[in-house]
Q: 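Structure below; questions to follow.
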Amino acid sequence: MNCSKTPGFILLGLSSDPEKWQPLFNIFLCLYLLGLLGNLLLLLAIGTDVHLHTPMYFFLSQLSLVDLCFITTTAPKMLEALWTGDGSISFSGCLTQFYFFAVFADMDNLLLAVMAIDRYAAICHPLFYPFLMTPCRCEVLASGSWGIAHCVSLFYTLLLSQFYYHTNQGIPHFFCDSRPLLLLSCSDTHLSEGLMMALSGVLGMSSVLCLVSSYGCIFYAVARVPSAQGKRKSLATCSSHLSVVLLFYSTVFATYLKPPSTSHSSAEVVAAVMYTLVTPTLNPFIYSLRNKDVKSSLRKILNMDKFQG
């Protein structure tokens with residue numbers, strides 16, 4: 001097969017059966033629109049309600065913004081391929097999609113860790129919480145996460161851009177990811193694979209260790225609370241975050257806990273659908289359904305719209 005440094009690819013999508021394309025299109029269009037609506041409403045609720053202008057909701061608004069961008073990075077191209085039956089994508093388009101996919105995936109990972117730090121400060125050091133999580137420090141944590149995510153994603157993208165690839169090959173996925181791209185490379189990718197795995201491991205394990213240590217301290221502090229009501233009140237602020245953490249990391253680990261050059265399976269595609277589409281869509285509903293302040297703000301917004309209508 002011929003090799004090129006700027007080949008075109010074909011995204012093979014979720015199914016090779018044309019009869020399934022229309023039902024899949026309908027399902028994922030509804031999922032995409034639901035994700036857009038949920039995250040936009042949560043951003044609107046936090047932005048318009050002054051009672052939600054706190055560190056916890058600041059980070060939650062960042063998470064909603066990231067999730068909004070995350071689903072928009074992969075879903076439109078997948079929907080186009082399902083509607084037209086044409087999954088072709090240029091090399092530059094593929095790398096661009098991968099770059100933004102990696103940015104928002106890393107941001108999800110980093111923000112979940114930052115949100116755990118915020119919960120640790122609120123529960124374990126409540127008296128010092130206003131001094132620990134000042135608006136300036138919150139902005140530094142958020143901007144630092146964005147900076148790290150962009151730098152890591154740029155490094156990955158530059159590595160992938162240096163390889164030669166088989167031309168006119170199909171990618172067994174619905175978006176451009178590093179794993180299927182490395183499988184199509186004509187070049188020796190072992191060193192780059194090692195670098196990418198090492199960097200991903202450091203980034204992922206740092207966030208996981210931060211989460212585990214933060215919640216270890218939180219559970220220890222809650223266990224020392226004498227009343228059952230006090231324990232429930234303390235844990236209530238963490239339940240939504242824990243649900244999102246478990247949902248995100250279970251699907252990510254199912255996809256990436258093996259070398260990139262190993263064979264690609266349909267189970268990985270299903271896991272990818274979960275963390276690129278399903279999880280970002282569910283996140284705003286998990287937080288709004290379990291949070292009285294968010295539900296109150298949303299009711300005000302919806303009643304205002306109804307009154308104006």
Side-chain angles (χ1 to χ4, degrees), residues 39 42-68 103-152 202-249 283-284 286-297:
N39 284 291
L42 190 55
L43 281 170
L44 184 62
I46 294 172
T48 57
D49 192 339
V50 293
H51 298 99
L52 301 184
H53 292 176
T54 63
M56 182 176 77
Y57 294 109
F58 169 75
F59 293 125
L60 181 55
S61 67
Q62 291 288 306
L63 184 66
S64 287
L65 176 62
V66 169
D67 286 341
L68 188 68
V103 167
F104 300 127
D106 288 338
M107 274 301 297
D108 260 340
N109 176 48
L110 292 167
L111 277 175
L112 290 175
V114 169
M115 292 170 78
I117 295 173
D118 173 70
R119 291 300 81 209
Y120 161 76
I123 294 173
C124 297
H125 303 284
L127 296 178
F128 298 100
Y129 180 68
F131 305 101
L132 293 172
M133 302 303 293
T134 62
C136 181
R137 286 179 179 171
C138 292
E139 290 174 5
V140 168
L141 286 170
S143 59
S145 298
W146 280 106
I148 292 171
H150 277 286
C151 289
V152 171
V202 169
L203 194 64
M205 290 310 299
S206 297
S207 296
V208 170
L209 287 173
C210 181
L211 285 161
V212 171
S213 58
S214 295
Y215 273 102
C217 294
I218 288 171
F219 291 146
Y220 178 73
V222 171
R224 298 176 66 183
V225 176
S227 67
Q229 184 179 0
K231 291 179 180 179
R232 285 195 297 269
K233 185 177 180 181
S234 298
L235 290 175
T237 62
C238 302
S239 58
S240 298
H241 180 251
L242 273 175
S243 300
V244 172
V245 166
L246 293 174
L247 190 60
F248 177 77
Y249 283 103
N283 284 352
I286 292 173
Y287 273 100
S288 59
L289 290 174
R290 296 191 177 190
N291 191 296
K292 294 180 181 179
D293 294 330
V294 174
K295 285 193 288 187
S296 175
S297 180

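Here the structure is a predicted model, which is why all the values come from computation and not from measurement.
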Q: Quick one, Ser207 with Tyr249, criterion side-chain contact (heavy atoms from CB on, under 4.5 Å). Give me CA distance, side-chain angles, the key distance, then yes/no.
A: CA-CA 11 Å; Ser207 296; Tyr249 283 103; 3.6 Å; yes

Q: Looking at CG of Asn283 and NE2 of His241, how far apart are the two atoms once the value is rounded to the nearest 0.5 Å?
A: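 If we round to the nearest 0.5 Å, Asn283:CG and His241:NE2 are 10.0 Å apart.
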
Q: List the steps and the verdict of side-chain contact (heavy atoms from CB on, under 4.5 Å) for Leu141 and Met133.
A: CA-CA 10 Å; Leu141 286 170; Met133 302 303 293; 4.0 Å; yes

Q: How many angstroms lie between CD1 in Ile46 and OG1 in Thr54, if you round to the nearest 0.5 Å?
A: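 These two atoms lie 8.5 Å from each other.
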
Q: Which label fits Phe104 and Trp146: parallel for a plane angle under 30°, tilted from 30 to 60°, or perpendicular past 60°?
A: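 Because their plane-to-plane angle is over 60°, the rings of Phe104 and Trp146 count as perpendicular.
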
Q: Not counting sequence neighbours, which residues clear side chain to side chain donor-acceptor pair (under 3.5 Å) with Asp108? List them please.
A: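 Expected list: none.
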
Q: Any chance you could measure Ser297, atom OG, to His51, atom NE2, to the nearest 0.5 Å?
A: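 Nearest 0.5 Å value for the OG-NE2 distance: 10.0 Å.
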
Q: Can you name the nearest heavy-atom pair linking Ala116 to Tyr215, along with the distance?
A: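 Heavy atoms of Ala116 and Tyr215 come nearest at CB-CE1, 4.1 Å.
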
Q: Using side-chain contact (heavy atoms from CB on, under 4.5 Å), reason through Leu203 and Leu110 one step at a time and then give a plain yes or no.
A: CA-CA 8 Å; Leu203 194 64; Leu110 292 167; 3.9 Å; yes

Q: What's the verdict on side-chain contact (heavy atoms from CB on, under 4.5 Å) for Asp106 and Ile148, showing C-alpha distance, side-chain angles and the deciding distance?
A: CA-CA 8 Å; Asp106 288 338; Ile148 292 171; over 6 Å; no

Q: Calculate, to the nearest 0.5 Å, the distance between atoms CG and CG belonging to Leu63 and Leu111 respectively.
A: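 If we round to the nearest 0.5 Å, Leu63:CG and Leu111:CG are 6.0 Å apart.
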
Q: Please enumerate all residues that pass side-chain contact (heavy atoms from CB on, under 4.5 Å) together with Ser213, with sequence neighbours excluded.
A: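 Applying side-chain contact (heavy atoms from CB on, under 4.5 Å) to Ser213 gives none.
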
Q: Between Arg119 (side chain) and Met56 (backbone), is there a donor-acceptor pair under 3.5 Å?
A: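 No: the side chain of Arg119 does not pair with the backbone of Met56.
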
Q: Restricting to non-hydrogen atoms, name the atom on Gln62 and the atom on Ala142 that form the minimum distance, rounded to 0.1 Å.
A: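 Heavy atoms only, the tightest pair is OE1-CB, 4.2 Å.
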
Q: Identify the two heavy atoms, one from Gly204 and one from Asn109, that lie closest to each other, and give their separation to 0.1 Å.
A: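 Shortest heavy-atom separation between Gly204 and Asn109 comes out as CA-ND2, 4.0 Å.
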
Q: Rounded to the nearest 0.5 Å, what separation is found between the CG atom of Leu242 and the CG atom of Leu211?
A: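 Here the interatomic distance stands at 8.5 Å.
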
Q: Determine whether a donor-acceptor pair (N or O, by modelled atom type, separation under 3.5 Å) exists between the side chain of Thr134 and the backbone of Phe131.
A: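 A pair under 3.5 Å: no.
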
Q: Please list all pairs passing the side chain to side chain donor-acceptor pair (under 3.5 Å) test where one or both residues lie in residues 120-133, with sequence neighbours left out.
A: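 Passing the test, one end in residues 120-133: Asp118-Tyr129, Tyr120-His125.
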
Q: Out of Leu42, Leu44, Leu43, Leu52, which one pairs with Ser61 under the side chain to side chain contact (heavy atoms under 4.5 Å, CB included) rule?
A: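 Of all the options given, the one that passes is Leu43.
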
Q: Return the CG to OG distance between Leu112 and Ser214, rounded to the nearest 0.5 Å.
A: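 Between Leu112 CG and Ser214 OG, I get 12.0 Å after rounding to 0.5 Å.
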
Q: So, for Cys138 and Phe59, which heavy atoms are closest and what is the spacing to 0.1 Å?
A: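 Smallest heavy-atom distance, with atoms named: O-CE2, 3.7 Å.
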
